[in-house]
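Count residues from 1 along the sequence. Only a predicted model underlies this, so the values are computations on that prediction, with no experimental measurement involved.
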Amino acid sequence: MKQQKLLINGDRLKQSLEEFASFGKTENNGVTRLALSEEDRQARNYFRSCCEALGMTVNVDDLGNMYATLVGTDREKPPVVIGSHLDSVKKGGRFDGVLGVLAGLEVVRTIVEHGVQHESSIVIVNFTNEEGARFEPSMMCSGILSGKFEKETMFAKKDTEGISFADALENVGYAGEVSHRLQQAKAFLELHIEQGPSLEREELKIGVVECVVGMVCYEVVVSGESNHAGTTPMNMRRDALFTATDKIVEAREQLQKLDDDLVYTMGRMNVVPNIHTVIPNRVVFSIEARHQDEKTIASVEQIIDRLAQSGSDEACEVSVTKLWGRDTVWFDSDIVHTLEQSVQALKYPYKKTVSGAGHDAQFIASYIPSAMVFVPSIGGKSHDEDEVTPWEDCERGVNVILDSVLTIATE
């Protein structure tokens with residue numbers, strides 16, 4: 001007879017998610033739990049107590065990252081790491097980040113409850129300041145771990161009240177030791193809500209994430225000349241806003257021809273002097289685009305660069321500056337395959353997918369074999385108080401993590 005798959009306790013997972021949602025709960029059933037705030041400190045303390053109740057050892061590194069370890073039978077083997085983050089944006093949801101941390105907690109609770117033997121130790125990690133909502137940038141401390149950011153620069157970052165990251169870390173009592181940093185592991189697994197509508201729209205329950213897509217961000221500056229809005233003939237105007245709108249239309253017409261999976265946004269616009277009686281003399285707007293294929297991103301950059309070379313209004317000057325970009329981060333193919341096998345064994349409807357949003361896993365992947373699992377977000381809602389993932393889908397996601405962890409930890 002085929003052995004039945006070990007499954008988590010869905011009711012217990014739901015209770016845990018509801019308990020953690022109380023730390024920073026908003027009036028509209030969302031969460032405001034900024035990194036290193038009092039609410040974050042309370043959530044950290046409770047997470048620590050939950051782990052210690054299971055016999056786990058909890059260590060904290062110099063960045064405030066927390067590591068709870070369930071020791072395996074072979075201490076020489078690198079651990080299997082599960083996790084995400086406990087901090088949120090302002091008026092965020094109850095699932096973003098915390099689901100990945102509590103997935104680890106429920107996996108360990110299930111293993112302890114059933115007395116499952118595992119060779120590799122299992123570590124649950126809570127990364128500090130993933131959101132970047134209080135201290136920019138996002139994914140700050142996984143970025144320091146992976147060498148993407150300099151610790152000294154990041155620790156000097158200040159919030160809107162002038163409090164530095166370093167001081168906030170000390171204030172909440174979570175400044176630990178550099179020796180506790182995550183240095184090696186057999187795998188890092190991160191469960192996260194999709195933060196998009198695809199899984200729900202396709203009536204799928206799991207997304208096995210193959211990569212975090214590459215992206216570029218540009219700034220376009222259009223320079224014209226101000227004059228009186230009522231007395232300047234149309235054919236004598238150097239209207240920066242008219243030219244800017246032409247450029248946006250031109251960019252959209254070209255970008256939409258590239259690939260159906262390409263997403264692009266003109267998300268920021270500043271108009272000067274922004275007075276209804278004055279012709280605008282300067283407009284600055286952003287163009288951001290995301291796609292997993294580097295050739296498609298290269299085509300995007302060519303289209304944006306050409307905005308400075310063409311246009312219907314030659315009276316205005318147009319300049320284009322690349323602000324930043326990132327390459328696509330492909331997750332470890334073996335770990336992705338293990339996750340896919342677990343989903344198939346559990347018989348959950350799924351697809352392989354990509355992440356348009358950034359996650360700690362993309363930085364950790366630079367030195368530890370990593371991969372992610374998505375569960376549906378109703379209406380694609382995220383970073384919003386209305387963010388909801390059905391409890392049953394949360395349970396399915398953690399079951400995939402559990403099955404994969406048991407496979408990897410016994411290899």
**OP:** Please work out which of the three classes, parallel, tilted or perpendicular, describes the rings of Phe47 and Phe20, given edges at 30° and 60°.
**Re:** perpendicular
Subject >> Option from Val112, Ile401, Asp403 for which side chain to side chain contact (heavy atoms under 4.5 Å, CB included) with Val107 holds >> reply: Ile401
**OP:** Report the relative orientation of the aromatic rings in Phe23 and Tyr46; use parallel for angles under 30°, tilted for 30 to 60°, perpendicular for over 60°.
**Re:** tilted
Solution key, residues 134-146 side-chain donor-acceptor pairs under 3.5 Å, sequence neighbours excluded:
unit_1, atom_1, unit_2, atom_2, d
Arg134, NE, Asp159, OD2, 2.9
Arg134, NH1, Ala35, O, 3.2
Arg134, NH1, Leu36, O, 3.1
Arg134, NH2, Asp159, OD2, 2.9
Ser142, OG, Met139, O, 3.3
Ser142, OG, Asp360, OD1, 2.6
Ser146, OG, Ser142, O, 2.9
Ser146, OG, Gly143, O, 3.2

Original post:
Is Asn126 reaching over with its side chain to a backbone N or O of Leu86, donor-acceptor style, under 3.5 angstrom?
Top reply: yes
**OP:** Measure the shortest side-chain to side-chain distance between Phe331 and Val208 over non-hydrogen atoms and say whether it is less than 4.5 angstrom.
**Re:** no
Subject >> Pair listing, salt bridge (Lys or Arg N to Asp or Glu O under 4.0 Å) test, anchored in residues 30-47, at least two apart >> reply: Glu38-Arg41, Asp40-Arg44
**OP:** For residues Val405 and Ile82, determine if any side-chain heavy atom of one lies less than 4.5 Å from a side-chain heavy atom of the other.
**Re:** yes
Original post:
When you measure from the side chain of Asp384 to the backbone N and O of Gly93, does any donor-acceptor pair fall under 3.5 Å?
Top reply: no
Donor-acceptor list for residues 257-270 side chains, cut-off 3.5 Å, not counting sequence neighbours:
unit_1, atom_1, unit_2, atom_2, d
Asp259, OD1, Asp261, N, 2.7
Asp259, OD1, His291, NE2, 3.2
Arg268, NH2, Glu219, OE2, 3.2

Subject >> Short side-chain to backbone donor-acceptor contact, Thr32 and Lys91, under 3.5 Å >> reply: yes
Original post:
Do Lys148 and Ser366 have side-chain heavy atoms sitting under 4.5 Å apart?
Top reply: yes
**OP:** Begin with the C-alpha distance, continue with both residues' side-chain angles, and end with the deciding distance and a verdict on side-chain hydrogen bond (donor to acceptor under 3.5 Å, both in side chains) for His337 and Gln341.
**Re:** CA-CA 6 Å; His337 180 64; Gln341 286 185 313; 3.3 Å; yes
Subject >> Nearest non-hydrogen partners of Ser88 and Leu34, listed with the distance >> reply: O-CD2, 3.5 Å
Original post:
Counting N and O atoms only, with roles assigned by atom type, does the side chain of Lys5 sit under 3.5 Å from a partner on the main chain of Ala345, one being a donor and the other an acceptor?
Top reply: no
Subject >> Distance (rounded to the nearest 0.5 Å) between Trp391 CH2 and Leu13 CG >> reply: 8.0 Å
Subject >> For Asn45, side-chain hydrogen bond (donor to acceptor under 3.5 Å, both in side chains) partners two or more places apart >> reply: Tyr174
Original post:
Only one of Val71, Val108, Val81 clears side chain to side chain contact (heavy atoms under 4.5 Å, CB included) with Ile122; which?
Top reply: Val108
Original post:
Roughly how far, to the nearest 0.5 Å, is OG1 of Thr407 from CD1 of Ile335?
Top reply: 10.0 Å
Subject >> Qualifying salt bridge (Lys or Arg N to Asp or Glu O under 4.0 Å) pairs with a residue from residues 326-336, counting only residues at least two apart or across chains >> reply: none
Original post:
Can you name the side-chain contact (heavy atoms from CB on, under 4.5 Å) partners of Leu6, sequence neighbours left out?
Top reply: Thr110, His114, Val116, Leu402, Leu406
Subject >> Where Glu131 and Val89 come nearest, the two heavy atoms and their spacing >> reply: OE1-CG1, 3.6 Å
Original post:
If you take all heavy atoms of Gln184 and Pro79, which pair is closest and at what distance?
Top reply: O-CD, 3.7 Å
Subject >> Pairing residues for Tyr350 by the side-chain hydrogen bond (donor to acceptor under 3.5 Å, both in side chains) criterion, not counting sequence neighbours >> reply: Glu340, Gln344
Original post:
Is any side-chain heavy atom of Ile297 less than 4.5 Å from a side-chain heavy atom of Val216?
Top reply: yes
Original post:
Run the side-chain contact (heavy atoms from CB on, under 4.5 Å) check on Leu105 and Leu54 step by step: do they pass?
Top reply: CA-CA 9 Å; Leu105 184 62; Leu54 293 167; 3.8 Å; yes
Original post:
Quick one: side-chain hydrogen bond (donor to acceptor under 3.5 Å, both in side chains) partners of Gln195, sequence neighbours excluded?
Top reply: Asp96, Ser382
Original post:
Any sub-3.5 Å donor-acceptor pair from Thr232's side-chain atoms to Ala229's backbone N or O?
Top reply: no
Original post:
Quick one: does Ser370's side chain have a donor or acceptor within less than 3.5 Å of a partner on Ile368's backbone?
Top reply: yes
Original post:
Rounded to the nearest 0.5 Å, how far apart are OG of Ser377 and CG of Asp386?
Top reply: 12.5 Å
Subject >> Whether Thr389 side chain and Pro376 backbone form a donor-acceptor pair below 3.5 Å >> reply: yes
**OP:** Start with the C-alpha gap between Phe165 and Met154, add the side-chain angles, then the distance that decides, and say whether side-chain contact (heavy atoms from CB on, under 4.5 Å) holds.
**Re:** CA-CA 7 Å; Phe165 179 90; Met154 295 299 104; 5.8 Å; no
Original post:
Distance-only, no hydrogens or angles: does the Glu170 side chain make a donor-acceptor pair with backbone N or O of Asp167 under 3.5 Å?
Top reply: no
**OP:** May I ask you to say whether Arg396 pairs ionically with Asp393, meaning some side-chain N is under 4.0 Å from a carboxylate O?
**Re:** yes
Subject >> Listed once per pair and sorted, the side-chain hydrogen bond (donor to acceptor under 3.5 Å, both in side chains) pairs that draw on residues 49-64, sequence neighbours left out >> reply: Asp61-Asn65, Asp61-Tyr67, Asp62-Lys151, Asp62-Arg181
**OP:** Determine, step by step, whether Leu199 and Val375 satisfy the side-chain contact (heavy atoms from CB on, under 4.5 Å) criterion, reporting the C-alpha distance in whole Å, the side-chain angles of both residues, the deciding distance to 0.1 Å, and the verdict.
**Re:** CA-CA 7 Å; Leu199 293 176; Val375 288; 5.6 Å; no
Original post:
Heavy-atom distance under 4.5 Å between the side chains of Phe242 and Met234, does that happen here?
Top reply: yes
**OP:** Give a yes or no on whether the backbone of Ala240 and the side-chain of Thr243 come within a donor-acceptor separation of less than 3.5 Å.
**Re:** no
Original post:
What are the two closest heavy atoms between Cys316 and Val222, and how far apart are they?
Top reply: CB-CG1, 4.0 Å
**OP:** Would you check if Asp11 and Glu395 make a side-chain contact, meaning some heavy-atom pair closer than 4.5 Å?
**Re:** no
Original post:
With sequence neighbours excluded, what pairs up with Lys322 under the salt bridge (Lys or Arg N to Asp or Glu O under 4.0 Å) test?
Top reply: Glu301
Original post:
With Thr26, which residues qualify under side-chain hydrogen bond (donor to acceptor under 3.5 Å, both in side chains), at least two apart?
Top reply: Glu385
Original post:
With sequence neighbours excluded, what pairs up with Glu392 under the salt bridge (Lys or Arg N to Asp or Glu O under 4.0 Å) test?
Top reply: none
Subject >> From CA spacing to verdict: side-chain contact (heavy atoms from CB on, under 4.5 Å), Ile124, Met56 >> reply: CA-CA 10 Å; Ile124 312 171; Met56 305 180 80; 3.8 Å; yes
Original post:
What closest approach, in Å, do Glu200 and Gly379 show between heavy atoms, and which atom pair accounts for it?
Top reply: OE1-N, 2.7 Å
Subject >> Ser120 side chain to Val80 backbone, donor-acceptor under 3.5 Å >> reply: no
Subject >> Minimum heavy-atom distance Ser404-Leu189, with the two atoms named >> reply: CB-CD1, 4.2 Å
